[in-house]
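Chain letters run A, B, ... following the sequence lines, proteins first, then strands; residues in each count from 1. Since the structure is predicted, the reported quantities are computational estimates derived from the model, not experimental observations. Both backbone and side-chain heavy atoms feed into the values below; hydrogens, waters and symmetry mates do not.
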2 protein chains.
Amino acid sequence: MNEVTVGGMRFALDLSQPLYEQVLKQIRSSIAKGEIALGEKIPSVREMAQALMINPNTVMRAYQELDREQLTGTRRGQGTFITTDADKVKAIRYRLAEEAVDEFFAKLSSLGFTASEIAAILRSRGGAEQ
Amino acid sequence: MNEVTVGGMRFALDLSQPLYEQVLKQIRSSIAKGEIALGEKIPSVREMAQALMINPNTVMRAYQELDREQLTGTRRGQGTFITTDADKVKAIRYRLAEEAVDEFFAKLSSLGFTASEIAAILRSRGGAEQ
DNA sequence: ATAAGTGTATTGAGTGATATAATACACTTA
DNA sequence: TAAGTGTATTATATCACTCAATACACTTAT
């Protein structure tokens, strides 16, 4: 497990992926799910680093990517804040969903499954939430 | 593009992923799709390496993983051969499909999509086959 | 026996991504 | 002025991946 809650967000880091990527995804997920309010301030780079027991540079890398995606905005000397633009959040959420769908179909196609076979596989598998 | 055909299989390598992984996936894909016959010999480590212009060790790593999955069998001094067990191929094909489905649902769940929303997304997207 | 073609193992080296540590600077607010 | 922000830089370490070179074990054909 090894879970940490900071700034209202839950983090569970491991070594299977780059740390900055895990931090990025988990904050992005919190935003997409609406678990953290628009306009809200997220923990400072140093505070997050200390809480997660990782290097501030690693946290900053995640924050900068969020900024690039415009899911957050940064004000020097003040901190990093969730965007107030709900449409932006919605757009990115759907963009990421699109990518997941594409990747999924590509993977199954490479295994020789036809569209109707894929549909059948999905039908035989209702529950998968949370 | 930069495509190479060797042993009846098409390869297109890039630097976005480990080479051994790309070789592995593309051979596995050929087997799953039935593009290469059961029991057939695949090119030798050296021949494949030369054709793809990569190191023999890199090819061997891919071949060994195929052996571990029992999609191929290796006979020292003779070469590496596709399994003759059709059920084994079918089983692995479905196992990989299962994994793809799981990953897909996990990813969309982490974005806060419910099962019915996911179903809707999939419905609005029929064509994705080769 | 010998040679050629297989898979396999080992050692060494190079590169790039990732992560850390330490430090310094710029800006904002109290 | 001090404390808390983001940001930048430099250096170091580690790890996965890849390559190169070489050697060995086994099978088959000659």
Rounding to a whole Å, what distance do you find between [X]:[atom1] and [N]:[atom2]?
X	N	atom1	atom2	answer
B:Leu13	D:dC17	CG	P	15 Å
B:Leu52	D:dC17	CG	P	18 Å
A:Arg75	D:dT7	CZ	C1'	17 Å
B:Glu65	D:dC17	CD	P	12 Å
A:Glu47	D:dT5	CD	C1'	11 Å
A:Leu66	D:dT7	CG	C1'	16 Å
B:Tyr20	D:dA16	OH	C1'	8 Å
B:Met60	D:dC19	CE	P	13 Å

(message) Assess, by modelled atom type and distance only, whether the side chains of A:Asp14 and A:Ser16 contain a donor and an acceptor separated by less than 3.5 Å.
(response)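 On atom types as modelled, these side chains qualify, holding a pair under 3.5 Å.
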
(message) Under a 4.0 Å threshold between the charged nitrogen and the carboxylate oxygen, would B:Arg28 count as salt-bridged to B:Glu69?
(response)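 Yes.
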
(request) Could you tell me whether B:Glu99 and A:Lys107 have a side-chain N and a carboxylate O separated by less than 4.0 Å? (result)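 No.
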
(message) Looking at B:Arg46 and C:dG7, is any side-chain donor or acceptor paired with a base atom of the opposite kind under 3.5 Å?
(response)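 Check passes, donor-acceptor contact within cut-off.
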
(message) Looking at the base of D:dA20, is there any donor atom on it, or on the side chain of B:Asn55, that sits under 3.5 Å from an acceptor on the other one?
(response)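 Donor-acceptor pair under 3.5 Å: yes.
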
(message) Tell me if the aromatic rings of B:Tyr20 and B:Tyr63 count as close, with their centers under 6.0 Å from one another.
(response)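 B:Tyr20 vs B:Tyr63: aromatic centres not under 6.0 Å.
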
Please confirm whether the shortest side-chain N or O distance from [X] to OP1 or OP2 of [N] is below 4.0 Å.
X	N	result
A:Arg61	C:dT18	yes
A:Gln78	D:dG6	no
B:Gln64	C:dA9	yes
A:Thr74	D:dT5	no
A:Thr58	C:dA19	no

(message) With a 3.5 Å limit on both atom pairs, tell me what C:dC27 is paired to, counting Watson-Crick and G-U wobble, or say none.
(response)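 Because both required distances fall under 3.5 Å, C:dC27 counts as paired with D:dG4.
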
(message) Only pairs with both distances under 3.5 Å count, Watson-Crick or wobble alike; so what is the partner of C:dA21 in this structure?
(response)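 Partner of C:dA21: D:dT10.
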
(message) I'd like to know if A:Phe81 and A:Met48 are part of one continuous hydrophobic network [Ile/Leu/Val/Met/Phe/Trp/Tyr, side-chain heavy atoms within less than 4.5 Å].
(response)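 No: no chain of side-chain contacts under 4.5 Å links A:Met48 to A:Phe81.
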
Using the side-chain heavy atoms of [X], tell me which of these nucleotides is nearest: [options].
X	options	value
A:Pro18	C:dG7, C:dA19, D:dT18	C:dA19
A:Val45	D:dG6, D:dC26, C:dT20	D:dG6
B:Leu19	D:dC19, C:dG7, D:dC17	D:dC19

(request) Determine the interplanar angle of the B:Phe104 and A:Phe104 rings, folded into 0 to 90°, and report it as parallel if under 30°, tilted if 30 to 60°, perpendicular if over 60°. (result)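 Answer is parallel, since the angle falls under 30°.
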
(request) Specify the residue among A:Asn57 and A:Gly77 whose closest nucleotide of DNA chain D lies further upstream toward the 5′ end. (result)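 Mapping each residue to its closest nucleotide by heavy atoms, the 5'-most match is A:Gly77.
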
(request) Please figure out whether B:Thr80 or A:Glu21 has its closest DNA chain C nucleotide nearer the 5' end. (result)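 Here B:Thr80 is the residue nearer the 5' end.
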
